[in-house]
Each structure stands twice: as structure tokens, then as C-alpha cells.
Amino acid sequence: AQSVAQPEDQVNVAEGNPLTVKCTYSVSGNPYLFWYVQYPNRGLQFLLKYITGDNLVKGSYGFEAEFNKSQTSFHLKKPSALVSDSALYFCAVRGVTGGFKTIFGAGTRLFVKA
Amino acid sequence: DTGVSQDPRHKITKRGQNVTFRCDPISEHNRLYWYRQTLGQGPEFLTYFQNEAQLEKSRLLSDRFSAERPKGSFSTLEIQRTEQGDSAMYLCASSWLAGGTDTQYFGPGTRLTVL
């Protein structure tokens with residue numbers, strides 16, 4: 001069965017500091033991995049995805065994520081946080097085989113203080 | 001606006017009533033997904049369509065829930081005999097399959113409150 005774990009309910013970081021939001025997954029075979037962000041009263045917005053190839057994936061708004069197959073992780077990172085990055089972040093996984101059902105994590109709230 | 005739209009944005013109903021939600025996907029997208037999201041949780045997969053065919057349904061989708069996508073365009077999600085446990089945000093997403101996978105783009109959601 002597919003699953004996603006986001007071990008931190010909330011991450012606090014000072015503006016200008018690097019940030020990391022953690023995600024680990026479980027899936028049979030190779031994964032497709034995604035990060036989405038949700039701002040208050042708005043729908044989920046796609047940030048980036050990993051399909052294959054380079055383990056470091058770059059996405060929107062300066063975010064990037066690193067795929068680590070041995071650790072089954074796909075952590076979201078940004079070198080320098082902005083106050084406007086404060087939002088709810090979701091990691092999601094889908095198996096390469098077995099249909100298009102996508103499993104989302106419970107979310108991590110990022111709080112960036114000025 | 002060419003994004004995914006959902007109607008209504010909010011729905012308050014009494015227990016036992018039927019409700020129907022509509023989703024209009026991005027026009028060239030052939031896949032459409034429905035999710036349910038409760039407070040403090042990520043979206044839970046309900047069902048998805050490729051064109052007009054409903055290809056997968058979650059076990060969360062009881063027989064009170066039905067979804068359709070006539071002609072492969074807009075989709076409707078109906079909940080019959082609503083229960084208080086149905087209160088949630090219902091999200092729709094659409095995508096275009098390319099390169100072996102797709103990226104889902106979400107609508108703003110319909111918030112359902114069952115009294």
C-alpha cells in the first residue's frame with residue numbers, strides 16, 4: 001500500500017534562513033513524487049515533481065526537493081525563506097504502476113518569522 | 001480565468017438531504033480527480049476519470065456517493081442522504097497525461113457543512 005509521512009506538523013524558520021520540510025514515502029516500485037502548497041482560502045498549488053532522472057528537482061518560487069531512494073525521502077528545501085512562504089505544504093506520492101491514485105501526506109505548516 | 005473551477009464554493013445542508021457539486025476542469029485536460037479534505041488532513045482520494053470513464057474509486061466512496069463526467073468535460077459529485085461525517089472540503093483536480101505521468105491542478109474546493 002502507498003503511504004506518505006510528513007513527520008513535522010509545523011516548521012518554524014527565520015526569514016533569510018534555509019528551510020527544509022520533510023517527507024518520506026512508501027510505494028511498490030518506483031514513485032512519482034509531488035509537493036503542493038496551500039495558502040489560506042485557496043486551492044492547492046503545484047510546486048514541483050519528481051518522475052525520473054536527476055535527484056534534485058527545482059520548482060516554483062525558488063523551492064527544490066531532493067529524491068533519496070535509499071531513504072525513501074523527498075524533502076522540500078529552499079535556501080532562503082521568505083515570510084510569504086508561510087503556508088501549508090503537502091507531499092504526495094503515486095506509484096509508477098497500479099493506477100493514478102495519489103496519496104497525500106497530512107501536511108506541514110511552515111511559519112517564517114520576520 | 002482558465003483554471004479549475006468548482007461550484008458552489010460553500011454548501012450548508014441538513015442531514016438527510018442530497019447535495020451535488022460541480023467541477024469544470026481546465027479545458028484541454030482529459031483526467032479529473034475528486035478528493036475530500038478534512039481539517040488537519042491532506043486530501044483523500046475519492047475517484048478519478050479519464051475522459052468520461054470512471055477508472056478508479058476509493059473505498060471511501062460509499063454507495064451514497066456518485067460521480068459522473070458526461071462527455072468528458074465537467075464532472076458532478078452527488079452525495080445522497082448526507083451525514084454529519086460528510087462535512088469536509090471537496091476538491092477537484094484536473095490534469096493532462098504526458099510523459100507517463102500527469103500534474104494535477106486543483107480547484108478552490110467546495111466546503112460542505114452538514115447540520
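When reading the values below, keep in mind they use all heavy atoms of this one structure, side chains included, and skip hydrogens, waters and symmetry mates. Note on naming: letters A, B, ... go to the chains in the order of the sequence lines (proteins, then strands), and numbering restarts at 1 for each one.
For Q45(A), no part lies near chain B; criterion is any non-hydrogen pair under 4.5 Å. Both the backbone and the side chain of Q104(B) come within contact range of chain A, each with at least one heavy atom under 4.5 Å from a heavy atom of that chain. Contact of R111(B) with chain A is not made at all, since no heavy-atom distance falls under 4.5 Å.
Counting heavy-atom pairs closer than 4.5 Å to chain A, the top-ranked of the candidates E44(B), Q37(B), Q6(B) is Q37(B). Here P43(B) is the residue among G109(B), S95(B), G40(B), P43(B) with the most heavy-atom pairs under 4.5 Å with chain A.
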Please report, to 0.1 Å, the donor-acceptor pairs under 3.5 Å made by any side chain of residues 17-24 of chain B, with sequence neighbours excluded.
from   : atom 1 : to     : atom 2 : distance (Å)
N18(B) : OD1    : R81(B) : N      : 2.8
R22(B) : NE     : D24(B) : OD1    : 2.7
R22(B) : NH2    : D24(B) : OD2    : 3.0

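In this structure, Y35(B) has its ring center closer than 6.0 angstrom to the ring center of F106(B). Close placement of the F104(A) and Y36(A) rings is indicated, their centers lying within 6.0 Å of each other.
At a cut-off of 3.5 Å, with distance as the only test, a side-chain donor of S70(A) or N68(A) sits close to an acceptor on the other residue.
The closest donor-acceptor contact from the side chain of K57(B) to the backbone of S62(B) lies at 3.5 Å or more, if one exists at all.
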